[in-house]
Amino acid sequence: MKLKLFLPLVAVAVAGCIGGRAEACSRVLYVGDDSLRIVGRSLDWKTPIPTNLYIYPRGMEKKGNSLPGSVTWTSKYGSVYAVGYDGGVTEGMNEKGLVVSGLFCKGTVYVNDSTKSRPPMSLAMFPAWILDVCADTPEAVAMLGAQDFNISGATFDEGTVSTLHWGITDSQGRCAMVEYDHGNIRIYEGQDMAVLTNDPPYPQITAIEEYWAKKGGSHTLPGTVSSPDRFVRASFFDRNVEKTGDADLGLSIVRSILMNVSVPYTYTVKGEGNVSSTQWRSFCNIRDKRYYFDVATNLGVFYVDLTKCDLRKGAPVMKLDVSKSSDYVGEANSHLFKTAPFTPMY
């Protein structure tokens, strides 16, 4: 793993306001045989987050914010997005197999004095921007590393601030973990980087994982639902499960790992910002371009096959209403319907 630091010339910190309770999440990359890679993630929150799936085609003009001078682009690639509250992209996968996963990181501060004059970019559109214009992780790293934008986000759910970091994974297993430290973007690159949870920042949490690896995971593993403990357990099991090229078995394997590090439904820890119960899990099969969705209160898992979606320029935006998915199992493309683009919560 190599570290790239992109530091603005001026690094005057702006105080960050973080909600007392925050979303917890876990991301796990399973690497099997025959180029099978599946990125699984959990979305944890104290109350259900309405999340719908949207299919966006190529050739759409978009903007990163409603403010003057914001970042604008035209999408090169079609994608499936998971959109929370029908207003912000939480994660997604594009037709090239690039996956972007956003997880809470409560120490995040996006801005400093040197970033304020840069073109605005909202958190609601940030993952979509990466998926729309980047085919792989090196392209995403180059675009983000230039840091010629100023990222910000609206509060939600009674004033919670979206303090995030992101895992980026491409079809060849090239990964990047993207974090912000007082306006300075820090990008940690590596091959098949297996796990991301919440805080502490990536270098510190991998040091914790190294400590537990020396103790021997087959004899002892940390068992709480804290971010470091989830990281350690996910990393151990991911290293020690069977490798397969079978998509269904691979899904079952990574799903079981993610369940092991999920937070039981309705369980919370009072006063702990990175612990809330798991609301849903997703699984991006990069090789086969299948995006699976697993709602905690549903009986089954369903998926959208991106290879069967019309991603041509001019094709309609399609939506899957997850609130109606309680009996969906298997391929759910037939449940997609034409819709207007979602309205970003800038």
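This structure is a prediction, so every number in the text was calculated from the model and none was measured. Count residues from 1 along the sequence.
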Quick one: do the [X] and [Y] side chains pair a donor with an acceptor below 3.5 Å?
X	Y	answer
Ser235	Glu209	yes
Asp33	Thr244	no
Thr224	Asp229	yes
Thr169	Arg27	yes
Glu91	Ser282	yes
Asp181	Asn184	no
Arg287	Ser35	no

Side chain to side chain donor-acceptor pair (under 3.5 Å) between Trp280 and Ser42: does it pass, once the steps are laid out?
-> CA-CA 6 Å; Trp280 53 258; Ser42 65; over 6 Å; no

Above 12 or not: heavy atoms from other molecules or residues under 6.0 Å from NZ of Lys62?
->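 Yes, the 6.0 Å shell around NZ holds more than 12 heavy atoms from other groups.
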
Over 12 foreign heavy atoms within 6.0 Å of NZ, Lys313 |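 Not buried by this count: 12 neighbours or fewer within 6.0 Å.
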
State yes or no: do [X] and [Y] share one hydrophobic cluster built from I, L, V, M, F, W and Y residues joined by side-chain heavy-atom distances below 4.5 Å, directly or via other members?
X	Y	result
Met193	Val241	no
Val261	Phe236	yes
Ile168	Tyr30	no
Leu98	Val178	yes
Val31	Phe283	no

SB check Arg255 Asp294 (cutoff 4.0 Å) =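 A salt bridge links Arg255 with Asp294.
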
Taking 4.0 angstrom as the limit, do Asp310 and Arg312 come out as a salt bridge?
-> yes

Ser262 and Arg281: side chain to side chain donor-acceptor pair (under 3.5 Å), yes or no, with the steps?
-> CA-CA 9 Å; Ser262 292; Arg281 289 169 286 264; 3.0 Å; yes

Keeping [X] on the side-chain end and [Y] on the backbone end, is there a donor-acceptor pair under 3.5 Å?
X	Y	result
Arg290	Ile286	no
Thr197	Ser26	no
Asn298	Ser325	yes
Asn333	Val304	no
Asp170	Thr137	yes
Asn94	Cys134	yes

Could you please spell out the steps behind the side-chain contact (heavy atoms from CB on, under 4.5 Å) verdict for Asp132 and Lys76?
-> CA-CA 6 Å; Asp132 286 353; Lys76 297 179 182 178; over 6 Å; no

May I have the step-by-step check of ring-ring contact (aromatic ring centres under 6.0 Å, His included) for Tyr54 and Phe342, ending in yes or no?
-> CA-CA 8 Å; Tyr54 284 79; Phe342 72 89; 5.6 Å; yes

Do Glu189 and Arg174 pass the salt bridge (charged side-chain N to carboxylate O under 4.0 Å, His left out) test, and can you show the C-alpha distance, the side-chain angles, and the key distance before you say yes or no?
-> CA-CA 8 Å; Glu189 296 183 70; Arg174 293 170 295 192; over 6 Å; no

Worked check of side-chain contact (heavy atoms from CB on, under 4.5 Å) between Thr90 and Val83 = CA-CA 6 Å; Thr90 300; Val83 182; over 6 Å; no

Let me see the working for Arg58 and Glu95 under salt bridge (charged side-chain N to carboxylate O under 4.0 Å, His left out), right down to the final yes or no.
-> CA-CA 10 Å; Arg58 311 173 202 116; Glu95 62 182 297; 2.8 Å; yes

Thr108 side chain reached by Pro201 side chain, heavy atoms, under 4.5 Å | no

Below 4.5 Å, heavy atoms only, C-beta onward: do Arg186 and Tyr202 meet side chain to side chain?
->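 Side chain of Arg186 against side chain of Tyr202, heavy atoms only: no contact under 4.5 Å found.
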
Show your reasoning for whether side chain to side chain donor-acceptor pair (under 3.5 Å) applies to Thr115 and Asn150.
-> CA-CA 6 Å; Thr115 69; Asn150 184 37; 3.1 Å; yes

State, to 0.1 Å, how close Asn52 and Asp86 come at their nearest heavy-atom pair, and which atoms those are.
->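 Closest pair (atom of Asn52, atom of Asp86, distance): ND2-OD1, 3.1 Å.
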
Step by step, would you call Asn260 with Arg230 a side chain to side chain donor-acceptor pair (under 3.5 Å)?
-> CA-CA 8 Å; Asn260 186 277; Arg230 285 183 279 117; over 6 Å; no

Compute the centroid of each ring, for His335 and then for Tyr328, and state whether the two points are separated by less than 6.0 Å.
->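 Ring centres of Tyr328 and His335 closer than 6.0 Å.
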
Pair Tyr56 and Tyr81, ring centroids less than 6.0 Å apart = yes

